[in-house]
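Only heavy atoms go into these numbers, but all of them, side chains included; no hydrogens, no water, no symmetry mates. Just so you know, ligand 1 is whichever comes first in the structure, and atom 1 is the first atom listed for that ligand.
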Amino acid sequence: MGKTRTKSLQDKMAEGGLARIMAAHSPLSARLAEEAGFDGLWASGFELSALYGLPDVSIVTMSEHLEMMRAIARHTSLPIVADIDTGFGNAINLHHAVGQYEDAGASAVVIEDKTFPKVTSLLSGGRQELLRIEEFQGKLEAAVNARKDTGFLIIARNEALIAGLGEEEALRRAAAYEEAGADMILIHSKQKTPDEVESFVRNWNGAAPIVIVPTAYPEMTEARAKSLKKIRMLIYGNHGIRAAVTAMQKVFAQIIAEGGIKGVDAEIVSVEEIFRLQNMGDVKEKEDKFLR
Ligand code: SPV
Ligand code: MG
């Protein structure tokens, strides 16, 4: 199954294609992303941290993240791009982590060039410390060495723009990461417009395709990303958890305001729809077959 998913991710990106990857924080959200038509899932550290009501600062452990990723993998057939932050330590910890995520069914890992513990990238004024280039190259080489399937993607996440170090440093780092064996470069930005990322992409001369997460610059559509020619993966980083919070805030407030559930009933999915998403039909079939 792992290999089939990985192949489908690669097929999507072949010949100029753009893989559209939606964040998932649970098997249910993963299934909804699959039904909506996304090409893959982003096992987001930010979303899982938020689900636990925690900040995204390396508090959620590898075991917690892996366990959720396994549950997601069991529930969908989409390829999974695992957000493994800094790799849970140094090159040795990362080597172990890559083996675990590949065995758990991921098709790719994204490893960021920050120090451990990391601070979430989009926070205004966040403390952003980057590793020395040589140290991160060692981590990437460890990740490449750890994977069993050469199709399993090692994606280097470049946080130079997030840390305010400028495009020249971002390009220098991207070239060094490609040299160390990264299959793709994720360039992250928290600028409110696509300019910063577009300029980086235009000036990127490497062969490694680019991954973007346009949360901060929503004017970057799929068509605009495709027109830049070098972007092969677009990650919608946190729209599942934000949509869930929006819906719950609205419905919960309405129930309090109206003193009951009558008003919201027609606005939310039926209980039958939840039964469908839980595969209750399957239980009925098994009951008919096995319960005597
Ligand atoms: C995540 O979704 O966990 C990410 C993307 O790493 S971001 O939060 O935008 O940095
Ligand atoms: Mg993350």
Salt bridge [X]-[Y], side-chain N to carboxylate O under 4.0 Å:
X	Y	result
K3	E102	no
R173	D113	yes
D288	K284	no

Quick check against the 3.5 Å criterion: does N93 have a side-chain atom that pairs as donor or acceptor with the backbone of N90?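 Present.
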
Against heavy atoms of [X], which atoms of ligand 1 measure under 4.0 Å?
X	answer
S121	10 (O)
L122	9 (O)
F46	1 (C), 2 (O), 3 (O), 8 (O)
G45	3 (O)

Do E267 and V251 have side-chain heavy atoms sitting under 4.5 Å apart? no

Is any side-chain heavy atom of I154 closer than 4.5 Å to a side-chain heavy atom of I111?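 Yes, their side chains come closer than 4.5 Å.
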
Is it the case that ligand 1 has an N or O less than 3.5 angstrom from some N or O of E112?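 By distance alone, the answer is no.
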
Measuring from the Mg ion (ligand 2), name the closest N, O or S atom belonging to D83. OD2

Could you tell me whether R157 approaches ligand 1 through its side chain, its backbone, both or neither, with non-hydrogen atoms closer than 4.0 Å?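 Near ligand 1, R157 shows its side chain, while the N, CA, C and O stay back.
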
Can [X] be said to touch ligand 1, with heavy atoms closer than 4.0 Å?
X	result
D83	yes
H188	yes
G237	yes

Heavy-atom nearest neighbour in the protein, as seen from atom 2 (O) of ligand 1, with distance rounded to 0.1 Å: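 In this structure, atom 2 (O) of ligand 1 has S44 OG, 2.7 Å as its nearest protein heavy atom.
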
In a check of side-chain hydrogen bond (donor to acceptor under 3.5 Å, both in side chains) between S121 and each of E112, Q128, K114, which one passes?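 Single side-chain hydrogen bond (donor to acceptor under 3.5 Å, both in side chains) partner of S121 among E112, Q128, K114: K114.
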
Connected via hydrophobic side-chain network under 4.5 Å: L78 and L234: yes

